[in-house]
2 protein chains.
Amino acid sequence: MAPAEHQSEDTILKAAHKVFLSRGYHGTRMQEIADEAGINKALLHYYFRSKDKIFEAIFLSSFKNFLPQILEILDSDEPFEKKINTFFSKYLDLLIKHPHIPNFIMHEVAHNPEHLQSFFKKHFESKPSKFLRQIKEEMDAGRIEKQDPKQILVSMLALAIFPFAAKPILQIVLEMSEDDFKSFIQERKKFLPEFVMRSLRKI
Amino acid sequence: MAPAEHQSEDTILKAAHKVFLSRGYHGTRMQEIADEAGINKALLHYYFRSKDKIFEAIFLSSFKNFLPQILEILDSDEPFEKKINTFFSKYLDLLIKHPHIPNFIMHEVAHNPEHLQSFFKKHFESKPSKFLRQIKEEMDAGRIEKQDPKQILVSMLALAIFPFAAKPILQIVLEMSEDDFKSFIQERKKFLPEFVMRSLRKI
DNA sequence: AAATCATTTAACCATTTAGTTAATTTCAAA
DNA sequence: TTTGAAATTAACTAAATGGTTAAATGATTT
């Protein structure tokens with residue numbers, strides 16, 4: 001595939017994205033990115049100085065539009081139950097659209113935790129404190145069971161993210177095809193809000 | 001550090017385990033394993049023919065006592081609610097004891113899914129079919145809400161495993177120290193069975 | 001059209017890495 | 001104490017890989 005005229009930089013990013021995703025940082029070869037982009041390998045170094053720089057560029061752009069969307073949902077002014085619905089619906093849609101992001105993050109966690117920490121502090125200082133406070137309010141109002149709000153938040157993240165991070169294993173263990181997995185996730189959009197709310201709701 | 005006399009094989013496995021865990025398959029260098037074990041690199045090839053064989057040996061031994069313990073719980077004859085309790089209690093204890101295993105697997109999932117897939121297919125064919133059937137029985141008996149059993153199983157795995165896989169990020173986002181995280185997990189042993197059962201139980 | 005600038009390439013280079021080899025050491029059995 | 005096999009090592013190879021360079025190509029301006 002020849003590169004689109006004068007679009008090399010973008011072509012490279014797209015190709016690198018694809019290769020890094022499927023091979024991981026160490027498994028990725030500059031030559032493979034070049035081949036995927038249909039350009040000469042030296043051009044990668046012309047636009048981005050090094051393998052590291054390319055990876056960083058991809059990671060940053062992926063993350064910069066991903067995390068804020070989640071925090072926005074959690075810190076919105078929606079009423080609690082509605083928010084739980086919105087959270088899973090939008091979060092799963094995001095993950096369907098960018099199923100690689102959990103893996104990306106895992107890589108940075110394993111490979112560069114201190115970098116990730118400063119990255120977080122630099123780009124996203126806001127924490128889901130509003131949501132945690134909202135959970136407490138619901139408890140105080142007697143609408144949901146008294147629990148540690150952190151346990152609830154972590155559980156919600158786990159329920160949404162885990163299937164994507166563990167997809168290949170789940171497919172084996174549960175004998176799911178690609179289509180099976182897709183409908184599994186679609187079904188999960190309905191399943192999760194009910195699952196969580198049934199558990200939280202005071203009876 | 002010199003190798004204990006004639007213990008090289010075990011020394012190598014221990015060293016390789018440590019290095020593969022922190023670096024992942026592609027990130028691991030045979031030289032680093034040799035250094036970690038305090039032996040010559042050629043000895044790695046003397047005991048194990050290749051990098052692949054070493055990885056296989058480690059992954060296998062890690063898993064051979066890990067996965068069966070989980071499957072045993074899931075396929076035991078305990079009544080349903082008791083089993084949910086046992087599952088989380090024992091699984092979290094296992095993860096506390098081997099907190100690296102989720103990262104190990106996630107790393108390989110992210111960087112080498114096809115390698116992992118063939119590995120699983122080769123070594124573990126048993127599936128938690130008995131547990132899935134048991135869930136169905138509970139539904140038919142009207143004791144729990146009708147749901148897709150797979151959604152429930154995946155949710156249980158997610159709730160247990162995710163905090164370990166995502167530990168560094170959770171610590172940043174939720175501002176938890178090492179001790180905070182430990183007590184968070186301890187608390188989770190009580191939290192999870194209640195969380196799941198409240199959700200499943202028919203009212 | 002000549003000059004200038006950015007873009008792209010083929011051919012290299014230096015380093016790293018998994019794996020090999022041939023020689024040496026260790027150690028137990030004869 | 002000799003011998004022979006197993007264990008261990010230093011030195012090596014071949015291939016792969018990230019990165020460089022200098023020349024070629026293309027586009028834009030003067």
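All heavy atoms count here, side chains included; hydrogens, waters and symmetry mates do not. A note on names: the letters A, B, ... follow the listed sequences, proteins ahead of strands, and every chain is numbered from 1.
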Exercise for the section: Test B:Tyr25 against B:Asp52 for side-chain hydrogen bond (donor to acceptor under 3.5 Å, both in side chains), laying out the working first. Expected result: CA-CA 9 Å; B:Tyr25 183 84; B:Asp52 231 58; 2.5 Å; yes

Write down the distance between [atom1] ([X]) and [atom2] ([N]), rounded to a whole number of angstrom.
X	N	atom1	atom2	value
B:Glu9	D:dT8	CD	C1'	15 Å
B:His45	C:dT17	NE2	P	13 Å
B:Ile54	C:dT17	CD1	C1'	14 Å
A:His26	C:dT16	NE2	P	15 Å
A:Gln31	C:dA10	CD	P	10 Å
B:Leu44	C:dT17	CG	C1'	13 Å
B:Lys53	C:dA18	NZ	P	17 Å
A:Met30	C:dC13	CE	P	20 Å

Exercise for the section: Can you label the angle between the A:Phe59 ring and the A:Phe55 ring as parallel, tilted or perpendicular, going by 30° and 60°? Expected result: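 Judged by the thresholds at 30° and 60°, the geometry between A:Phe59 and A:Phe55 is parallel.
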
Practice task
Please work out whether the ring planes of B:Phe131 and B:Phe80 are parallel, tilted or perpendicular, with thresholds of 30° and 60°.
Solution key: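 Parallel: the ring planes of B:Phe131 and B:Phe80 meet at under 30°.
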
Exercise for the section: Please examine the side chains of A:Phe184 and B:Val154, heavy atoms only from C-beta on, and report whether any two atoms are closer than 4.5 Å. Expected result: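 With C-beta onward as the side chain, the pair touches.
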
Handout entry: Heavy-atom side-chain contact between B:Leu95 and B:Phe66 under 4.5 Å
Key =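 Yes. Closest side-chain heavy atoms under 4.5 Å.
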
Of all the choices, [options], which nucleotide is nearest to the side chain of [X] once you look at every atom?
X	options	value
A:Lys51	D:dG19, C:dT7, C:dA18	D:dG19
A:Tyr46	C:dT9, C:dA6, D:dT20	C:dA6
B:Arg29	D:dG18, C:dT9, C:dA18	C:dA18

Fill in the blank from the handout: The contact string for nucleotides 10-15 of chain D, one letter per nucleotide 5' to 3', using protein heavy atoms under 4.0 Å with B, S and - for base, sugar-phosphate only and none, comes out as B-----

Respond yes when some side-chain nitrogen or oxygen of [X] is under 4.0 Å from OP1 or OP2 of [N], and no when none is.
X	N	value
A:Arg49	D:dG19	no
A:Tyr47	C:dA6	no
A:Ser50	D:dG18	no

Problem - Within 6.0 angstrom of A:Arg143 CZ, more than 12 heavy atoms from elsewhere - result: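 More than 12 heavy atoms, drawn from other residues, nucleotides or ligands, come within 6.0 Å of this atom.
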
Problem - B:Lys83, B:Gln134, B:Lys130 screened by side chain to side chain donor-acceptor pair (under 3.5 Å) with B:Asp77, the one that passes - result: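 Answer after filtering B:Lys83, B:Gln134, B:Lys130: B:Lys130.
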
